[in-house]
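These values consider heavy atoms only, across backbone and side chains, with no hydrogens, waters or symmetry-generated copies.
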Amino acid sequence: HGNRPEVRAALRDGVGASLRRSGTTGQVMLYVARRFPAAGAVRGVARLAKAEGEINAASDQVSAVVRNAAAVGLSVAVLLSLVAALAASRPLRRIAAGARAFAAGDFGATIDVRSSDEIGEVADALEALASQLRARLLTAGVDRATLQALLDDLPVGVILYDADRRPVAANGAARALCGLTAHAEPERGADIARLPGCAQSLAKALRDGLTVEVPLVLPWRPEATLVARWVVVFAPDGQRLPALVVIDGAPRAQAAQLEGAVTGLADHVRALARDVDDAELAVRAVGDALRAEDAIAVPPLEPGAVQPVTARAL
């Protein structure tokens, strides 16, 4: 068999193989040859022959074993994944329920998850966050109650606004002066900041940091005589925010009217002092002037409340 392809390949390369039909058996055979020794002078060639059918049968058997092993491994993997998913989904559902409770404002809800893995760390972190939020909400509630109490003690109306010009707090005096009812307070408070005169004054106060005073004419209370003072307050982060101080302008207007009337009366008295030296005549003239001034409400005078003096001494 020295001329066979596998033998020549083994003599040349050390190993040779050939697949052909055997003339003796008539079957397709796989021939494999190897020289010996592997190194040095060649002493001979060893050759093995195997029928192709036997090789295919062995290959199919190995493939079946591999397929069965893969199927078993995949089944075990799926089963283990299902067990792991069931074991992890229960604490995750509890964490999700706790997060939904926190989102709804129930910061007293507890998350019953006690494990030493990453899921347990997430549950602990979420409970710590809820605890911090509870403490901050309590502090904010106390601060807001204190602020509202201080505002209600002020003798003038005060409305505090946020950065978007929406009212966030108002005292009782502001509600009474501006006609802010419970249901209309947010809308009307925002409308005040948008009034033509107030909008420019508010912007100027925020820009310059100074108090700006303007008359306040409310569309829903046109008869009210009010004065608006726009001032700047500061948020905890240092941001400038507007605040409105509302003052009843009626006493101020009455005082100005009374001042004008008294000034006119004083001019009249000075004119009398130049021309009249009779005390009784001067007193009667002053009384006539008082009654002529509609702006001055003259209360009834008790006996002895008026002492007549000469006009020149007056």
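- Under the 6.0 Å distance and 45° angle rule, Arg43 does not count as a cation-pi partner of Phe36.
- A salt bridge links Arg166 to Asp162: at least one charged side-chain nitrogen sits closer than 4.0 Å to a carboxylate oxygen.
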Checklist entry - Between Leu150 and Thr146, is a side chain to side chain contact (heavy atoms under 4.5 Å, CB included) present by the stated rule, with each step listed? => result CA-CA 6 Å; Leu150 293 174; Thr146 303; 4.3 Å; yes
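- Side chain of Asn171 to backbone of Val158: a donor-acceptor contact under 3.5 angstrom is found.
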Checklist entry - For Leu226 and Val217, what are the C-alpha separation, side-chain angles and deciding distance, and is it a side chain to side chain contact (heavy atoms under 4.5 Å, CB included)? => result CA-CA 7 Å; Leu226 304 175; Val217 181; over 6 Å; no
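- Looking at Trp230 and Thr211, their side chains never come closer than 4.5 Å, going by heavy atoms from C-beta outward.
- A salt bridge is absent between Asp191 and Arg188; no separation between the charged side-chain nitrogens and carboxylate oxygens falls under 4.0 Å.
- Taking CG of Leu218 as the start and CG of Leu177 as the end, the distance is 9.5 Å to the nearest 0.5 Å.
- Counting all heavy atoms, side chain and backbone alike, Val233 lies closest to Ala243 at CG1-CB, 4.0 Å.
- Put simply, the side chain of Asn68 gets close to the backbone of Ala64: a donor and an acceptor are under 3.5 Å apart.
- Residues Pro215 and Val227 fail the side-chain proximity criterion, which asks for heavy atoms closer than 4.5 Å.
- When side chains are defined from C-beta on, Ile192 counts as touching Cys178, because their heavy atoms get closer than 4.5 Å.
- Leu80 and Val72 fall within the same hydrophobic cluster, where Ile, Leu, Val, Met, Phe, Trp and Tyr residues are linked whenever their side-chain heavy atoms come under 4.5 Å apart, directly or through other members.
- At distances below 3.5 Å, at least one donor-acceptor pair connects side-chain atoms of Arg21 with backbone N or O atoms of Gly26.
- Distance CD/Glu54 to CG/Asn56: 10.5 Å, rounded to 0.5 Å.
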Next on the checklist: Under the criterion side chain to side chain contact (heavy atoms under 4.5 Å, CB included), I'd like the reasoning laid out for Glu6 against Arg20: C-alpha separation, chi angles, the key distance, then a yes or no.
Outcome noted: CA-CA 11 Å; Glu6 64 275 9; Arg20 65 181 182 275; 2.8 Å; yes
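- Closest approach of Ala9 to Gly16, counting heavy atoms only: CB-CA, 3.6 Å.
- Remark: the backbone N or O of Ala163 is paired with a side-chain donor or acceptor of Arg165 at under 3.5 angstrom.
- Taking both residues in full, the closest heavy atoms of His1 and Val7 are given as O-CG2, 3.4 Å, listed atom of the first, atom of the second, then distance.
- In this structure, Glu187 places its CD atom where only 12 or fewer heavy-atom neighbours from other residues, nucleotides or ligands lie under 6.0 Å away.
- Pairing each heavy atom of Ala190 with each of Pro167, the nearest pair is N-CD, 3.7 Å.
- Side-chain atoms of Arg47 and Arg34, non-hydrogen and from C-beta on, never get closer than 4.5 Å to each other.
- In plain terms, the two heavy atoms of Val246 and Val156 that are nearest each other are O-CB, 3.7 Å.
- A pairwise comparison of heavy atoms in Ile159 and Ala170 identifies CG1-CB, 4.1 Å as the closest pair.
- Atom-to-atom distance recorded for Ser201:OG and Leu206:CG is 11.0 Å, nearest 0.5 angstrom.
- Under the 4.5 Å side-chain criterion, counting only non-hydrogen atoms from C-beta, Leu244 is not in contact with Arg229.
- From Glu52, atom CD reaches atom CG of Leu19 across 5.0 Å, with rounding to the nearest 0.5 Å.
- Residues Leu195 and Leu216 are in side-chain contact: their nearest non-hydrogen atoms beyond the backbone lie under 4.5 Å apart.
- The side-chain heavy atoms of Leu202 and Tyr161, taken from C-beta on, include no pair separated by under 4.5 Å.
- Cluster membership for Leu241 and Leu151, using ILVMFWY side-chain heavy atoms within less than 4.5 angstrom, is not shared.
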Checklist entry - How far apart are the C-alpha atoms of Tyr31 and Arg4, what are their side-chain angles, what is the distance that settles it, and do they pass the side chain to side chain contact (heavy atoms under 4.5 Å, CB included) test? => result CA-CA 10 Å; Tyr31 300 95; Arg4 303 295 172 86; 5.6 Å; no
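- In this structure, the side chain of Ser59 does not engage the main chain of Ile55 through any donor-acceptor pair within 3.5 Å.
- The CG atom of Leu11 lies 7.5 Å from the CZ atom of Arg35; values are rounded to the nearest 0.5 Å.
- Linking Ile, Leu, Val, Met, Phe, Trp and Tyr residues whenever their side-chain heavy atoms come within less than 4.5 Å leaves Leu210 and Val231 in two separate clusters.
- Side chains of Ile111 and Leu126 form a contact here, defined as non-hydrogen atoms less than 4.5 Å apart.
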